[in-house]
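Sequence lines set the chain letters: A, B, ... in the order given, protein chains first and strands last, and positions in each chain run from 1.
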Amino acid sequence: MSSQDEQIQQRKANLDALQALGVATYPNRFDRRDTVSALVDAHSAKSHDELEAERHESSTSGRILAMRSFGKANFLAISDGRSRIQVYIRQDSLPALDFDVFKTLDFGDWVGVEGRLFRTKTNELTIWASRLHFLAKCLLPLPEKFHGLTDVEIRYRQRYLDLAVNPESRRVFETRSKVVSAIREFMTARQYLEVETPMMQPIAGGALARPFTTHHNTLDMDLYLRIAPELYLKRLTVGGLERVFEINRNFRNEGISTQHNPEFTMMEFYQAYSDYQDLMIFTEELFSHVAHKATGGTEVIYGEQQISFAAPFARLSLREGAREAASRALGREVHLDELKVGDSAAAIATALGVEVLPGHGAGKIAASIFEARCEHRLIQPTFVYDFPTEISPLSKQRADDPDTVERFELYVAGFEVANAFSELNDPVEQRRRFEDQLKDRASGDLEAHQMDEDYIRALEYGLPPTAGEGVGIDRLVMVLTNSPSIRDVILFPLMRKRD
RNA sequence: GACCGGGUAGCUCAGUGGUAGAGCAGCGCACUUUUAAUGCGCGGGCCGCGGGUUCGAUCCCCGCCCCGGUCACCA
């Protein structure tokens with residue numbers, strides 16, 4: 001019998017022993033008065049003498065994460081997932097039945113404890129147990145207490161084990177929850193209406209990406225999991241909801257990496273009577289607020305870097321970023337004009353080893369150079385603005401330059417965490433842009449946008465001047481929790497099926 | 001998809017072409033304030049899976065599976 005099988009048998013035997021004692025093996029409820037965390041928070045500063053004077057009688061519960069036995073003196077450490085507290089068990093302080101129950105306990109079991117608080121000789125806050133209640137059995141051996149669980153495959157596939165034994169993991173997801181709460185609080189305080197739009201869409205629009213497909217049986221209709229909520233949210237602004245936001249999942253049928261999970265969470269919002277410049281200011285305020293609420297300040301450590309979310313953030317035009325990077329890599333001064341003409345831009349890209357596909361204009365080439373050579377260097381929050389029109393089918397052109405749109409992406413720690421633009425609200429121009437996308441699609445670009453006639457009809461009813469933005473929640477949480485992989489901030493990241 | 005690294009006890013990890021190792025966890029004994037408790041003793045392994053080479057493979061070779069990283073694609 002393997003070590004694991006052996007331990008399972010022993011734990012089952014202990015469960016049987018409980019039953020033989022007449023104790024409920026899976027009791028229906030336990031009325032706890034205090035969480036472990038509440039006890040620790042309320043009493044951790046109190047001295048031995050203060051505790052003796054108060055003789056606080058507690059009733060709490062948790063999972064056993066340590067057991068030390070000295071014959072008639074025994075110690076447990078129980079945890080509510082956030083804090084842990086020690087329990088002192090001595091035979092002459094408990095009813096005989098409770099001590100018999102104690103003898104059946106295994107590392108990982110759930111118990112309820114009643115008793116007064118005191119400090120041991122080594123000054124540890126401890127519950128002197130007067131009652132012990134069995135709550136639930138841990139039949140499988142838990143990872144060991146000292147090294148915890150470090151195998152990332154088990155941490156991702158069996159997140160419950162990770163959370164049970166790695167407090168750092170718990171903290172990451174608590175921070176994630178704070179981030180989402182802070183965003184909601186920030187948006188609703190500014191009169192944004194929180195909405196939910198379809199996750200299953202007949203046309204997967206609002207972004208350039210490959211969708212997942214699904215099917216509705218009764219309607220006999222193929223559907224896509226959404227790649228973005230964008231077109232639905234702007235329909236709401238057409239309807240007069242001037243400020244809307246949605247926090248929800250997007251699904252993109254693309255690669256997996258430290259920065260990409262097939263389903264990921266975005267906060268997307270639209271605001272009438274604003275443009276992309278207004279959103280830069282708004283974004284600075286939002287990120288400062290969220291960083292403060294989630295971490296207590298605006299300075300965070302990410303890997304080797306210290307990142308500041310204090311406003312203002314740096315601003316850099318995409319072409320200037322590409323120009324600087326090209327100059328640095330080629331060892332000569334590259335001029336902006338060279339990036340604005342297809343032939344010279346293509347020559348620079350080729351010299352840099354950046355692939356240029358037929359049909360790519362100067363704008364797309366400049367963007368490729370930026371992505372290959374510049375973006376990973378943007379550690380401090382940086383607004384990269386003025387994107388080429390050809391890669392921005394839903395953004396409004398600059399009044400002074402139709403090849404450039406009023407759009408920015410926010411980069412932090414070398415990757416994109418937000419994307420925003422002044423929304424294209426001219427239905428004729430929007431139709432022309434979709435038609436350009438259809439040509440790309442016809443030439444094999446699976447990520448090109450599809451035609452959405454109803455969206456154009458909505459624009460024909462009139463979208464006021466509006467700016468919109470999407471914020472990648474997972475990536476923001478990565479930066480705020482110093483997590484190197486997106487899988488560290490998603491409770492159940494997608495993994496290959498395993499037998 | 002390509003390349004690199006990894007998969008050995010429940011967990012964390014050593015290791016070798018010749019009977020498989022440690023610490024923790026587990027079991028037994030001792031111990032009435034311990035802190036990764038300690039001491040003594042014991043049990044626990046398809047060395048990811050399948051082929052091949054070999055007298056003999058956990059180790060060498062080939063294929064496959066899973067995980068991680070880099071690149072490609074993307075946010």
Of the candidate nucleotides [options], which contains the atom at the shortest distance from the side chain of [X]?
X       : options                : value
Y156(A) : G68(B), C11(B), G45(B) : G68(B)
E124(A) : C27(B), U32(B), U34(B) : U34(B)
F75(A)  : U33(B), U32(B), G44(B) : U33(B)
K145(A) : A37(B), G68(B), C73(B) : A37(B)
E144(A) : A25(B), U34(B), A75(B) : A25(B)
S3(A)   : A37(B), G43(B), A75(B) : G43(B)

Check whether T382(A) reaches the backbone of A314(A) with its side chain - one donor and one acceptor, N or O, closer than 3.5 Å.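 The answer is no, because no donor-acceptor pair under 3.5 Å joins these two groups.
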N14(A) side chain vs A17(A) backbone, donor-acceptor pair below 3.5 Å: no
Donor + acceptor pair across side chains of S3(A), Q7(A) (<3.5 Å): yes
Side chains of Y192(A) and E194(A), donor plus acceptor under 3.5 Å: no
Without decimals, in angstroms, what is the distance between [X] [atom1] and [N] [atom2]?
X       : N      : atom1 : atom2 : result
E416(A) : C73(B) : CD    : C1'   : 14 Å
E230(A) : A75(B) : CD    : P     : 12 Å
H376(A) : C73(B) : NE2   : P     : 15 Å
N419(A) : A75(B) : CG    : P     : 8 Å
E153(A) : G68(B) : CD    : P     : 7 Å
L161(A) : G10(B) : CG    : C1'   : 10 Å
Q4(A)   : G26(B) : CD    : C1'   : 12 Å
H147(A) : A9(B)  : NE2   : P     : 15 Å

Could you let me know what A57(B) is paired to, Watson-Crick or G-U wobble, both distances under 3.5 Å, or none if it's on its own?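 Base-paired to nothing in any strand shown.
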Phosphate OP1/OP2 of [N]: any [X] side-chain N/O under 4.0 Å:
X       : N      : value
R496(A) : C66(B) : yes
R155(A) : U12(B) : no
R157(A) : C67(B) : yes
R68(A)  : U34(B) : no
T150(A) : U12(B) : yes

Can you find a pair of side-chain heavy atoms, one from Y276(A) and one from K396(A), that are under 4.5 Å apart? no
Under the criterion of centre distance below 5.5 Å and interplanar angle below 30°, is F264(A) classified as stacked on the base of A75(B)? yes
Nearest-nucleotide check on RNA chain B, R487(A) vs Q259(A); residue mapping nearer the 5' end is R487(A)
Tell me which of D106(A) and E6(A) sits closer to the 5' end of RNA chain B, going by the nucleotide each one is nearest to. D106(A)
Which value, in whole Å, describes the distance between the P atoms of nucleotides G6(B) and U16(B)? 13 Å
Parallel, tilted or perpendicular: ring planes of F269(A) versus F282(A), cut at 30 and 60 degrees: tilted
